[in-house]
Structures are given as structure tokens and as C-alpha cells.
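Notes follow the structure.
We number each residue from 1, following the sequence as shown. None of these values were measured; they are calculated from a predicted model. We use all heavy atoms of the structure for the numbers below, so side chains are in, but hydrogens, waters and symmetry mates are not.
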Amino acid sequence: MPGGRLTQQERQQIALGLADSQPYAEIARRLDRPTSTVTREVMRNGGPTGYRADLAHLATERRTRRRGPAATRAVESVPPPHGRDARAVAEYEETFTTVLMATGLNRMASRVLTCLFTSDAGSCTASELARRLQVSPASISKAITFLESQSLVRRERDERRRDRYVVDDGLFYQATIASARANDQLVETARQGAALLGPDSPAAARLENIARFLDFISESIIRAAEQARQVLHTSPGQSGQAASRS
């Protein structure tokens, strides 16, 4: 399997594959590349509908010039725990970051969340995050503020009275509920508009249908999250045993 960076010709083949609605796995097979490489390439360069081979190639060259050899040395200098391949982990973290960005998170918030999810402790201080991501403390502070507002991380004090930023199973449940509840104000506003515009008008009917749709989706998500909450508190082995019994 070829290594190294994607060539401009490979990026053109990716663009052609996307235009033909081919899945990432099929595009990767034709290039003899890992699927994660294609996924990461597309998601960090406009997504499946906005990917342009020439622009992606120029953007990669600019990022390479900015990073230089120091970034490679930094990855190699970090001792990989549990015998992990440091380069493979770095590539996975980049893929995870780009997938999080596709959900609407900005890049720094996605990088911080990836760092927390892939750390064995599930928590880091601001200085640990800044050192690992090689960014300023101000960048970390801004990302954490946003992630806290979305219930995606929580803050706690350690024995040295330092703030630690934590991701855990309960937070993932809470973030799902918060996301579902974010529609409540839109539902209420749509229904206000329906009442204002008159019950017999097409505009009022449209707004009421939107409100009913979002209300149903939100309640379905909350109900499903409540039913699936126990999955977050069981090991993969236990989860499989429970599924086989049912």
C-alpha cells in the first residue's frame, strides 16, 4: 500500500469518485489507500459536495510549508503509550477531528475534543492540551468555553486545585439531550408565527408542519437516548451479551 502524501492525480481521482457518488471505501480501494486517508482528505477540504482537487492540493502544500519538519519531530518525540504506533494514532486523531468538524464544530474545538476522547484518562488540564496540540493557552480557553456551552466537556478540580477538562459517558448523554432540546425555541417560534399569520394561510400551515416535525424529532431523540443510556455504562462485552439475550 503506497504511503506518503496524496498526489494531485490521486486527488483528481477522488474528485471524480465523489462526482460519481462512489463511497469512500470504493475510492480508497481504487487508489490502494486506506479509507481513512480518503475520508480525512475529503472532510478537511470542503466535504463531499465542496471538494475540489486543485484547491485541496494547494491547501495541503500551504499546511506542509507552515508545519515544516518540526511537526514531524514533535510526533516522533512523544513516547507512544501501550506500544501504540505514534504516527497511526496521529493520523487517526486527524481523521476524528475532520469528522467532528463535519458535524459543525470549529477546528480547534474539534481538536480539543479529539484530544480528550483519545486520552486514556479522559481528562486534561489547559496546559496539557496546549502542549499536546502545540497551540496557545488562549486558543484552548476559547475552545473549552464553547465546548462547555454545548455540554460536551465538564470542568473539575484535581488534587492540586487545577482545572481539568473531562469527557465521560454521562456528558455524551447530556450533549444528546441538549442538542434535542435546542429545537424547542424554534418549535415555539414557528407556532407563534403560525398563530400570527392565520390558521388558514399556507404560511401558517408550513410553520405548523415545521413545528410538529421538529417536536416529533426532538421527543424521539430524547426517548431513544433514555432507552440507550445504559449502553454508556456497560463494557463492549457486556453490551454484546445483553444484545444476544434479547
Side-chain angles (χ1 to χ4, degrees), residues 36 39-40 43-44 47 89-90 92-192 210-236 238-239 242-243:
S36 61
T39 303
R40 184 170 62 249
M43 297 309 298
R44 76 183 306 181
V89 171
Y92 171 75
E93 289 174 345
E94 186 65 24
T95 298
F96 198 178
T97 295
T98 54
V99 170
L100 287 175
M101 289 171 64
T103 69
L105 295 179
N106 63 49
R107 179 163 179 78
M108 184 51 63
S110 298
R111 292 186 70 197
V112 168
L113 202 55
T114 295
C115 189
L116 291 170
F117 272 128
T118 57
S119 68
D120 288 316
S123 69
C124 293
T125 64
S127 61
E128 288 169 346
L129 288 167
R131 184 167 59 251
R132 180 169 171 180
L133 298 177
Q134 298 183 330
V135 297
S136 68
S139 296
I140 297 298
S141 177
K142 185 176 180 179
I144 286 293
T145 298
F146 173 77
L147 292 170
E148 284 185 307
S149 74
Q150 302 299 307
S151 300
L152 292 171
V153 301
R154 66 179 170 82
R155 187 188 307 241
E156 63 181 30
R157 288 290 182 93
D158 63 14
E159 66 280 359
R160 296 170 57 184
R161 301 191 61 78
R162 299 176 302 178
D163 283 338
R164 297 192 70 85
Y165 304 103
V166 182
V167 291
D168 59 22
D169 297 337
L171 275 175
F172 204 79
Y173 163 80
Q174 292 166 22
T176 301
I177 297 297
S179 176
R181 285 303 184 197
N183 286 327
D184 288 353
Q185 187 173 3
L186 182 54
V187 169
E188 181 181 351
T189 304
R191 287 197 163 124
Q192 288 173 357
I210 291 171
R212 289 169 57 205
F213 174 81
L214 292 176
D215 207 12
F216 180 83
I217 291 296
S218 295
E219 291 304 320
S220 297
I221 291 173
I222 291 171
R223 186 163 54 251
E226 292 288 355
Q227 292 171 348
R229 191 175 186 179
Q230 61 179 342
V231 174
L232 294 171
H233 303 286
T234 58
S235 68
Q238 291 174 324
S239 178

Just checking [X]: does its [atom1] atom have more than 12 heavy atoms from other residues, nucleotides or ligands closer to it than 6.0 angstrom?
X      : atom1 : result
Phe213 : CZ    : no
Gln185 : CD    : no
Arg160 : CZ    : no

Enter the distance from [X]:[atom1] to [Y]:[atom2] here, rounded to the nearest 0.5 Å.
X      : Y      : atom1 : atom2 : result
Arg191 : Thr189 : CZ    : OG1   : 11.5 Å
Ile222 : Arg181 : CD1   : CZ    : 3.5 Å
Thr97  : Leu133 : OG1   : CG    : 8.0 Å
Ser149 : Leu147 : OG    : CG    : 7.5 Å
Glu148 : Tyr165 : CD    : OH    : 6.5 Å
Thr125 : Arg131 : OG1   : CZ    : 6.5 Å

Could you check if a side-chain atom of Thr39 sits within less than 4.5 angstrom of a side-chain atom of Thr98, using non-hydrogen atoms only?
-> no
Could you tell me whether the side chain of Met101 reaches within less than 4.5 Å of the side chain of Asn106, counting heavy atoms only?
-> no
Who passes salt bridge (charged side-chain N to carboxylate O under 4.0 Å, His left out) against Arg162, sequence neighbours left out?
-> Asp158
Starting from the C-alpha separation in whole Å, work towards a yes-or-no answer on side-chain hydrogen bond (donor to acceptor under 3.5 Å, both in side chains) for Gln174 and Ser151.
-> CA-CA 7 Å; Gln174 292 166 22; Ser151 300; 5.5 Å; no
Start with the C-alpha gap between Val166 and Arg155, add the side-chain angles, then the distance that decides, and say whether side chain to side chain contact (heavy atoms under 4.5 Å, CB included) holds.
-> CA-CA 6 Å; Val166 182; Arg155 187 188 307 241; over 6 Å; no
Between Ser36 and Thr95, what is the shortest heavy-atom contact and its length?
-> O-OG1, 3.8 Å
When every non-hydrogen atom of Leu113 is compared with those of Leu152, the smallest separation belongs to CD1-O, 3.9 Å
Return a table of donor-acceptor pairs under 3.5 angstrom between the side chains of residues 138-145 and protein atoms on other chains or two or more places apart.
{"from": "Ser139", "atom 1": "OG", "to": "Ser136", "atom 2": "OG", "distance (Å)": "3.0"}
{"from": "Thr145", "atom 1": "OG1", "to": "Ser141", "atom 2": "O", "distance (Å)": "2.9"}

Check: Ser119 side chain, Leu116 main-chain N or O, donor-acceptor pair, under 3.5 Å = yes
Does the distance from a Lys or Arg side-chain N to an Asp or Glu carboxylate O, for Arg107 and Glu94, drop under 4.0 Å?
-> yes
